[in-house]
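First comes the structure, then the notes that go with it.
Predicted model, so just to flag it, every value in this text is computed and none were measured. Every chain is numbered from 1 and lettered A, B, ... according to where its sequence line falls, protein lines coming before strand lines.
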There are 2 protein chains.
Amino acid sequence: MSYTIKDVAKKANVSIATVSRILNAQSGYSEKTKIRVLQVIEELGYQPNAIARGLINKRTHTIGVLFPKLSSSLVTDLLDGIEKAAGISGSSVIVCHTEYNGEKTLKYLQLLSEKRVDGIIFASEVLREEYYQFLKKSNIPIILLSTESPSFSIPHVKVNDFHAAYSAASYLIEKGHKNIGMISGNKEDMIAGKPRIEGFQKALADAHIPLSEENVVYKKGFSFPDGVEGLKELLKQFPSVTALFAASDEIAIGALSAAYHLGIKVPDELSIIGYDNLNIASMSIPPLTTVSQPLKEMGETAAGMLFKLLETGKAPNSILMPHQIIERFSVKERI
Amino acid sequence: MSYTIKDVAKKANVSIATVSRILNAQSGYSEKTKIRVLQVIEELGYQPNAIARGLINKRTHTIGVLFPKLSSSLVTDLLDGIEKAAGISGSSVIVCHTEYNGEKTLKYLQLLSEKRVDGIIFASEVLREEYYQFLKKSNIPIILLSTESPSFSIPHVKVNDFHAAYSAASYLIEKGHKNIGMISGNKEDMIAGKPRIEGFQKALADAHIPLSEENVVYKKGFSFPDGVEGLKELLKQFPSVTALFAASDEIAIGALSAAYHLGIKVPDELSIIGYDNLNIASMSIPPLTTVSQPLKEMGETAAGMLFKLLETGKAPNSILMPHQIIERFSVKERI
DNA sequence: TTGTACGCGTTATCAT
DNA sequence: ATGATAACGCGTACAA
């Protein structure tokens, strides 16, 4: 089928050891034999077998990435960054789509482990006890991305959701708003749900703005439909609202859409700030003001941490990435 | 580090051959030894080494996927489908991000080849001569996804862009429109550019609608900004336009946005139909009528074809997937 | 039913 | 500077 190092050795009249040395840029051969071997390699179109290399080196130069979702800009931007960093380090990335399914996740973990990936990046999902136990038993390095683990000590990279939400709400307050509502995602979600709610509440409290149960409506997810339903519910329970913090851009766009159909002008009658800064944020009418997470950078950073961990062997510190308010046109000063 | 088949054999007091047979569900062992070995495997938490297996079986159960872009719902929906089909067949997928860069692509091809992936799916990008030669030389199976190759005979799966564009334009015509414009993507693009333009033109011609150079504006890409600029240009060169066919949803959304700022009401004054049916299509104001490509299914199909090819060894036929007009609210009947 | 031993394509150690 | 050869972990033909 494909040529082996043996074929090269034979044709170049050297031993496989010499070929190997040349391939790995070690020392122990003359310049003359080097060019001859290289010549033969070129002629044959020889490609070293990474599988055989992996078997002996115990390094596959492949990492695995677990995502709960694939068809979302949020998560593929992370992938974009991971792939970039991996490419630079000469590694490839295997993507696994868990769909938030425990069984599937475990199956993938098993698969990745059997394939002897060098490490794993676990993204945007809570790391369950069972996953952790498996990883620990399999002894395979892991980095958490856009999520964190309260119970286990695993390095992660994410933004501080509490602070980011605090910033968003504060931004609304600075703009003169006092009747501020929120459409939150799942409040049981300890990563993206609860912290954002609490950040929001803290900002209002610090500004001495009265806050009651009417201020926030809790949805199951972070999707467009959640946003359209959410706004309707919010309007019902908190009619005087003039500004809204949406826990995700999709929710914000949903709210935008609902407002349009309700004849509510954004931002004149209602200001809306989103969360994530997906590419759709700049495509809405009006373009969405939002707090951005540097998704791609986060992916790069996580992969970078993993590779450093692989080299040095010592656990890196977690990294909190900066968030930033991207001002567009969905928020208006209230006078 | 991790246990090997030897450890299992020793602890179970059998030979590695027996363990191997049990692992691979072959025959040649008693029920009694089977349960004993399985027991030991469980105790040890033994995981077979897929690398060693790959070396001997010449099958890695891994496929590679090349994408020109990662941060686009268009392409990640394809990935979604591929990953699903791969998961079902017990294979994993390595994703590579080429960024339309020839050097990078070649590098990735080389990498995938060295890793001995079982096959490759090449998506959404033209297969250059150099890529083809490499693949041919490396003798690695390949399927084209959402693209095709005029010069080389390689199985592909995609929709018929000409027909789909024809349908879109015809839909506008059926709705009573006569002044129909188009904002196209790159017309040099032989896959997604030219065929859509020609399909559009043919539909008008068949309906005996006069057609001149004013009807279509040619942009470089298929993005949101192309859409906003595109509409402005179109309006200038073809002021009487009442309906628009956009070569992508992003272009359509861009046009939607431009129309809004220009005070043009969609669909009352201008009807717009898009192309792709990305998830953003349902999130715009108004929700976008568009011709859908079954992206996820296409990915599944392509991967399915690849696995069948791997099993049977014989080249599958190319598949043309059906497109479909998704009626939402951006097109209005013209009376 | 079970075990021995060779080979898959490399790298690395020890000679020479 | 170069070459034999033993691993790496597994599958399998052959023998028992």
Parallel, tilted or perpendicular: which fits the ring planes of B:Phe122 and B:Tyr131, with parallel below 30° and perpendicular above 60°? tilted

For atom NZ of B:Lys10 and atom C1' of C:dT2, their distance in whole Å: 18 Å

Specify the separation, in whole Å, of atom OH of A:Tyr29 and atom P of C:dT16. 24 Å

For A:Asn13, answer base if it contacts any base atom (sugar-phosphate contacts may also be present), sugar-phosphate if it contacts only those atoms, and nothing otherwise; contact means non-hydrogen atoms under 4.0 Å. sugar-phosphate

For residues 84-104 of chain A, pull every pair meeting salt bridge (charged side-chain N to carboxylate O under 4.0 Å, His left out), keeping only residues two or more places apart or in separate chains. A:Lys84-A:Glu300, A:Glu99-A:Lys104

Any side-chain donor-acceptor pair under 3.5 Å between A:Lys115 and B:Ser92? yes

Can you measure B:Leu55 atom CG to D:dG11 atom C1' for me and round it to whole angstrom units? 11 Å

Is the phosphate of D:dG9, meaning OP1 or OP2, less than 4.0 Å from a side-chain N or O of A:Lys58? yes

Could you tell me whether the side chain of A:Thr4 and the main chain of A:Lys6 form a donor-acceptor pair under 3.5 Å? yes

Side-chain donor-acceptor pair present, A:His61, A:Asp118, cut-off under 3.5 Å: no

Protein-nucleotides 10-13 of chain C N/O pairs closer than 3.5 Å?
from: C:dT10; atom 1: OP1; to: A:Tyr46; atom 2: OH; distance (Å): 2.8
from: C:dT10; atom 1: OP1; to: A:Asn49; atom 2: N; distance (Å): 3.0
from: C:dT10; atom 1: OP2; to: A:Ile5; atom 2: N; distance (Å): 2.6
from: C:dT10; atom 1: O5'; to: A:Tyr46; atom 2: OH; distance (Å): 3.4
from: C:dT11; atom 1: OP1; to: A:Asn24; atom 2: OD1; distance (Å): 3.3
from: C:dT11; atom 1: OP1; to: A:Asn24; atom 2: ND2; distance (Å): 3.2
from: C:dT11; atom 1: OP1; to: A:Arg53; atom 2: NE; distance (Å): 2.7
from: C:dT11; atom 1: OP1; to: A:Arg53; atom 2: NH2; distance (Å): 3.3
from: C:dT11; atom 1: OP2; to: A:Ser20; atom 2: OG; distance (Å): 2.8
from: C:dA12; atom 1: OP2; to: A:Gln26; atom 2: NE2; distance (Å): 3.3

Remember a base hit wins even if backbone is also touched, and classify A:Ser27 as base, sugar-phosphate or nothing at under 4.0 Å, heavy atoms. nothing

Under 3.5 Å side-chain donor-acceptor pair for A:Thr98 and A:Glu125: yes

Short side-chain N/O contact to C:dT1 OP1/OP2 from B:Thr18, under 4.0 Å: no

